[in-house]
Amino acid sequence: MAREVSKRRKTVVTIIAWAIGLLIFFPILWTILTSFKTEAEAIADPPSLFFFDWTLENYEVVGERSNYGKFLWNSVILAVGSTIFGLMIAIPSAWSMAFQPGKRTKDVMMWMLSTKMMPAVGVLFPIYILARNTGLFDTHILLIVVLMLMNLPIIIWMLYTYFKEIPVDILEAARMDGASLKSEIIYVLTPMALPGIASTMLLNIILAWNEAFWTLNLTTINAAPLTAFIASYSSPEGLFYAKLSAASTMAIAPILIMGWFSQKQLVRGLTFGAVK
């Protein structure tokens, strides 16, 4: 029988959770508020939180100076494209590791995870040279492949965890009914692991959307996403905090809205997995 939690303990835990949540969200809130200030108010000491002259001037300047729609479209292409290609590779890979493991399966998985520990700058130069020599520099296809490979270990590990929770008997029953490997993955495994696949997809989109190192070093104009859009407001003449905050708010707004509406699905997939 589950132990009953006292009302006082629930209240304390709720207060602590709200405090931690507000602490984490405060930098985003500060950025949003700064975007509505003048440059003088943005660097004022002491700073004002809510009581200042609100203005939309920064958004007007950013809109006139930069083609926000182009940067936004590039971010969508890169995030969605790398996620789709990543899932196409990760689903069969995670299936083989979960249901047809070999002697070296765990070693391979640990090796994939270890690649995330390597500093990205360590492979920047060879990738840059390859991109330049093949004519792929500043193209969508290059960044899609790089972002896909960068997040692939996380995708495979997450899907492997979800697939391991699926009863093997269900897949064996499908095989006895004459299902091929392709049909087994598409019509049996994928629908059962849909919550896990959805949460993995959302997490990968967020990671690809926020990636700055590769997008700043492998693009100039054509394929530059919103990370480059933000960086363009940091100039040798100085940091214009209000305009930089406006650009940052415009860049994070789409992913914040997506995360807000999909938070239940994301938490459900990350917490419960595929089948219970």
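Side chains included, hydrogens not; waters and symmetry mates left out as well; all remaining heavy atoms used. The first residue in the sequence is number 1, and the count goes up from there.
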For the aromatic rings, using the six-membered ring if either is Trp, is the centroid distance between Phe52 and Phe36 under 6.0 Å? no
When you group the ILVMFWY residues by side-chain heavy-atom contacts below 4.5 Å and let the links chain together, are Leu130 and Leu136 in the same group? no
Looking at side-chain heavy atoms only, is the closest gap between Phe213 and Thr227 below 4.5 Å? no
Quick one: CG on Leu78 to CD1 on Ile141, what's the gap to the nearest 0.5 Å? 10.0 Å
Stepwise, does the side-chain contact (heavy atoms from CB on, under 4.5 Å) test hold for Tyr128 with Asn217? CA-CA 8 Å; Tyr128 177 86; Asn217 286 285; over 6 Å; no
Between Ser199 and Tyr162, a side-chain donor and acceptor under 3.5 Å: yes
Side chains of Ile206 and Met258 in contact at under 4.5 Å (non-hydrogen atoms): yes
Taking Trp214 for its side chain and Leu147 for its backbone only, find out whether a donor-acceptor pair lies under 3.5 Å. no
Heavy-atom pair with the smallest gap, counting every atom of Ile24 and Pro27: O-CD, 3.2 Å
Which pair of non-hydrogen atoms, one from Met192 and one from Val188, has the smallest distance, and what is that distance? CG-O, 3.1 Å
Verify same cluster id: Met148, Met88 (apolar side-chain graph, 4.5 Å): yes
Can you tell me if Asp138 and Thr220 form a side-chain donor-acceptor pair at under 3.5 Å? yes
Determine whether more than 12 heavy atoms belonging to other residues, nucleotides or ligands lie under 6.0 Å from atom CH2 of Trp54. yes
Mark yes or no for whether Asn58, through its side chain, and Ala246, through its backbone, hold a donor-acceptor pair below 3.5 Å. no
Derivation of the ring pair (Phe, Tyr, Trp, His ring centres under 6.0 Å) call for Phe71 and Trp73: CA-CA 5 Å; Phe71 290 102; Trp73 180 241; over 10 Å; no
Is the closest side-chain heavy-atom distance between Thr38 and Thr55 below 4.5 Å? yes
Is it true that atom CD1 of Ile221 has more than 12 heavy atoms of other residues, nucleotides or ligands lying nearer than 6.0 Å? no
Do the side chains of Leu207 and Glu211 get nearer than 4.5 Å, heavy atoms only? no
If we ignore hydrogens and angles and just use 3.5 Å, is the side chain of Ser75 paired with the main-chain N or O of Trp209 as donor and acceptor? no
Using a 4.5 Å cut-off on heavy atoms from C-beta on, say whether the side chain of Ile28 contacts that of Leu256. yes
If every non-hydrogen atom of Ala90 is compared with every non-hydrogen atom of Leu159, which pair is closest and at what distance? CB-CD1, 3.8 Å
What pair of heavy atoms forms the shortest contact from Leu152 to Gly86, and how long is it? CD1-O, 3.7 Å
For Thr34 and Tyr241, does a side-chain donor sit closer than 3.5 Å to a side-chain acceptor? no
Between Thr134 and Leu142, does a side-chain contact (heavy atoms from CB on, under 4.5 Å) hold up when you go through it step by step? CA-CA 10 Å; Thr134 57; Leu142 171 66; over 6 Å; no
So, for Met109 and Trp157, which heavy atoms are closest and what is the spacing to 0.1 Å? O-NE1, 3.0 Å
Check the pair Asn151, Lys116 against side-chain contact (heavy atoms from CB on, under 4.5 Å), reporting the backbone distance first and the verdict last. CA-CA 8 Å; Asn151 294 325; Lys116 295 294 295 179; 4.1 Å; yes
Would Ile129 and Phe125 satisfy side-chain contact (heavy atoms from CB on, under 4.5 Å), going step by step from the backbone distance to the final call? CA-CA 6 Å; Ile129 295 300; Phe125 184 70; 3.8 Å; yes
Any donor-acceptor pair under 3.5 Å linking the side-chain atoms of Ser180 with those of Ser183? yes
When you group the ILVMFWY residues by side-chain heavy-atom contacts below 4.5 Å and let the links chain together, are Ile84 and Val146 in the same group? yes
When hydrophobic residues are tied together by side-chain contacts of less than 4.5 Å, even through go-betweens, does Val61 share a cluster with Leu33? no
Can you label the angle between the Phe99 ring and the Trp95 ring as parallel, tilted or perpendicular, going by 30° and 60°? tilted
Would you say Val62 and Phe229 make side-chain contact, with heavy atoms under 4.5 Å? yes
Any donor-acceptor pair under 3.5 Å linking the side chain of Ser66 with the backbone of Tyr68? no
Please give me the minimum heavy-atom distance between Pro225 and Asn74, naming the atom from each residue. CA-CB, 4.0 Å
Check the hydrophobic clustering (I, L, V, M, F, W, Y; side-chain heavy atoms under 4.5 Å; chains of links allowed) and say if Ile252 and Leu216 are grouped together. no
Flag the pair Asn222 / Thr139 as yes when at least one side-chain heavy-atom distance between them is below 4.5 Å, and no otherwise. no
Note, Asn204 side chain near Ser82 side chain (heavy atom, < 4.5 Å): yes
Determine yes or no for a side-chain-to-main-chain donor-acceptor pair under 3.5 angstrom, with Lys37 supplying the side chain and Ala44 the backbone. no
Closer than 4.0 angstrom, basic N to acidic O: yes or no for Lys243 and Glu57? no
Residue Asp53 excluded, over 12 heavy atoms near CG under 6.0 Å: no
